[in-house]
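Written below as structure tokens is the structure these notes are about.
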Number of protein chains: 2
Amino acid sequence: MPAPQRVSQEELVAAIRRIAEDDGIDAVTMSSVASAVGVRTPSLYKRVADRHGLLRLAADDAARELVAELSGAPHTEGEDAAGRLRRMAYALRAFAARAPRVSGLLFAAPSAAAAPSPEAGEPLLRPLLEAVSAAAPGDPLPAARTFTAWIYGFCTMEQAGAFRLGGDVDAAFEYGLDVLLGAMTRPA
Amino acid sequence: MPAPQRVSQEELVAAIRRIAEDDGIDAVTMSSVASAVGVRTPSLYKRVADRHGLLRLAADDAARELVAELSGAPHTEGEDAAGRLRRMAYALRAFAARAPRVSGLLFAAPSAAAAPSPEAGEPLLRPLLEAVSAAAPGDPLPAARTFTAWIYGFCTMEQAGAFRLGGDVDAAFEYGLDVLLGAMTRPA
DNA sequence: ACCTGAACACCGTTCAAGT
DNA sequence: ACCTGAACACCGTTCAAGT
């Protein structure tokens with residue numbers, strides 16, 4: 001006798017992300033998620049291949065949300081490529097601050113199986129590469145890699161509490177952004 | 001009746017690091033480490049408060065090793081601060097390539113309890129900060145944070161296989177290094 | 001002083017059985 | 001078609017007992 005799904009995808013993803021942000025990635029267990037959505041553990045295997053699948057669900061959802069934010073922001077009329085990159089950098093950092101646990105999954109998942117699926121990750125990388133291409137003369141790849149390495153490293157370290165020497169972290173972010181955008185837009 | 005320790009600190013740390021690099025951080029369990037050094041699980045609690053303590057042991061050891069390499073390299077006579085930073089960057093990247101799993105612990109441990117202890121981490125950060133101070137005019141903190149964020153992000157992404165678009169990854173490293181050192185040594 | 005066996009509460013995962 | 005109870009092999013951790 002056919003039976004309809006008891007928990008929606010939205011409920012499931014919301015529960016995973018809530019647990020991740022409240023109690024950490026390690027707290028996202030089959031048990032905790034199952035009991036959060038009111039079901040027994042084995043039922044989750046109908047939705048997901050294994051525990052990493054739960055994390056990928058959260059990562060994909062975060063990627064989708066971030067993509068929506070990046071493309072949702074109004075393209076100011078006279079905005080140049082450097083300005084677009086700057087806006088993206090702010091959005092990425094704000095997202096990392098708002099959802100530190102899942103945003104860690106976006107760029108450096110504990111396992112490839114917990115990383116966003118290629119289909120979810122690609123729309124996140126593409127606009128970044130496009131903006132770098134538009135801003136930097138010549139080969140955009142080294143510039144894009146420098147930019148993403150820096151912003152990923154900065155947000156990760158900030159969220160990990162690695163900036164322990166005091167000082168103004170916002171100012172350090174601006175400094176880095178200025179350095180990178182300056183170098184990219186300066187003709188080689 | 002007093003009894004001497006059965007496994008040396010060196011054996012213990014070596015086993016942890018070997019398991020971490022061979023099978024991943026998740027494979028560093030009380031059980032796997034205990035059986036690798038030929039002892040029962042509960043015995044490990046004489047050496048370490050909990051599982052994160054095992055990871056910290058590895059992280060501290062990696063930090064010590066890296067510090068030795070950084071300070072061991074011969075100070076070329078006429079070397080300036082930018083040259084010293086460049087050498088450090090090469091050393092960090094080489095270490096990340098050689099010991100990707102534990103080097104991940106160095107900068108972004110899954111938990112603060114698994115991060116290097118302050119005493120082990122400080123000698124790693126200090127020479128970096130000093131070199132940046134010597135190279136960059138003005139406040140060294142933003143410059144140092146930009147440098148460490150970039151190099152951490154680059155090495156992590158490289159080791160995670162995140163640079164999937166082909167191209168010359170070495171060239172991207174040189175590009176980023178040139179950009180950052182150039183900006184730091186240029187007067188503001 | 002160090003090590004151990006036994007025990008506890010917890011995991012992820014599988015699978016036959018229920019509806 | 002989805003859900004479940006029961007079972008399995010595995011964790012981390014504690015602690016009283018051994019030497």
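Residue numbers begin at 1 in each chain, while the letters A, B, ... track the order of the sequences.
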Treating B/Glu158 as the side-chain partner and B/Phe163 as the backbone partner, does any N or O pair qualify as donor plus acceptor under 3.5 Å?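 Flag not set: sc B/Glu158 to bb B/Phe163 has no pair under 3.5 Å.
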For the backbone of A/Val7 and the side chain of A/Arg47, can you confirm whether one donor and one acceptor N or O come within less than 3.5 Å of each other?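 Yes: the side chain of A/Arg47 pairs with the backbone of A/Val7.
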Counting only side-chain heavy atoms from C-beta out, which of [options] sits nearest to [X]?
X: A/Tyr45; options: D/dC3, C/dA1, C/dT14; answer: C/dT14
X: B/Ser31; options: D/dG12, D/dT13, C/dT13; answer: D/dG12
X: A/Thr29; options: C/dC11, D/dG12, D/dC3; answer: C/dC11

If the condition is side-chain hydrogen bond (donor to acceptor under 3.5 Å, both in side chains), which residues does [X] pass it with, not counting sequence neighbours?
X: A/Ser32; value: A/Thr29
X: A/Arg98; value: A/Glu65, A/Glu69
X: B/Ser117; value: B/Asp60
X: B/Arg6; value: none

Could you tell me the separation between the [atom1] atom of [X] and the [atom2] atom of [N], rounded to a whole number of Å?
X: B/Lys46; N: D/dG18; atom1: NZ; atom2: C1'; answer: 13 Å
X: B/Leu12; N: C/dC3; atom1: CG; atom2: P; answer: 11 Å
X: A/Arg51; N: C/dC10; atom1: CZ; atom2: P; answer: 17 Å
X: A/Met30; N: D/dC3; atom1: CE; atom2: P; answer: 13 Å

Of all pairs that satisfy salt bridge (Lys or Arg N to Asp or Glu O under 4.0 Å), the ones with a partner from residues 103-119 of chain A, not counting sequence neighbours: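 Residue pairs passing salt bridge (Lys or Arg N to Asp or Glu O under 4.0 Å), neighbours aside: none found.
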Output the residues of residues 55-62 of chain B in contact with DNA chain C, where contact means a heavy atom of the residue under 4.0 Å from an atom of the strand; sort by number or write none.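 When residues 55-62 of chain B is checked for heavy atoms under 4.0 Å from DNA chain C, there are no hits whatsoever.
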I'd like to check the side chain to side chain contact (heavy atoms under 4.5 Å, CB included) partners of A/Asp170; sequence neighbours left out, ordered by chain and number.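 Partners of A/Asp170 by the side chain to side chain contact (heavy atoms under 4.5 Å, CB included) criterion, ordered by chain and then number, come out as A/Arg93, A/Asp168.
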Counterpart residues, side chain to side chain contact (heavy atoms under 4.5 Å, CB included), relative to B/Asp80 (two or more places apart):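 Partners of B/Asp80 by the side chain to side chain contact (heavy atoms under 4.5 Å, CB included) criterion, ordered by chain and then number, come out as B/Ala82.
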Those residues that, when tested against A/Tyr175, pass ring-ring contact (aromatic ring centres under 6.0 Å, His included) (two or more places apart):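 ring-ring contact (aromatic ring centres under 6.0 Å, His included) list for A/Tyr175, sorted by chain: empty.
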According to the side chain to side chain donor-acceptor pair (under 3.5 Å) rule, which pairs have a member within residues 137-146 of chain A, sequence neighbours left out?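 Pairs touching residues 137-146 of chain A that pass the test: none.
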Intra- and interstrand pairs of DNA chain D - dot-bracket, Watson-Crick/G-U under 3.5 Å, | marks other strand: ||.|||||...|||||.||
Report, one pair per line, the protein and nucleotides 4-8 of chain D atoms (nitrogen or oxygen only) whose separation is under 3.5 Å.
from	atom 1	to	atom 2	distance (Å)
D/dT4	OP1	A/Arg6	NH2	3.1
D/dT4	OP2	A/Arg40	N	2.9
D/dT4	OP2	A/Ser43	OG	3.0
D/dG5	OP2	A/Arg40	NE	3.1

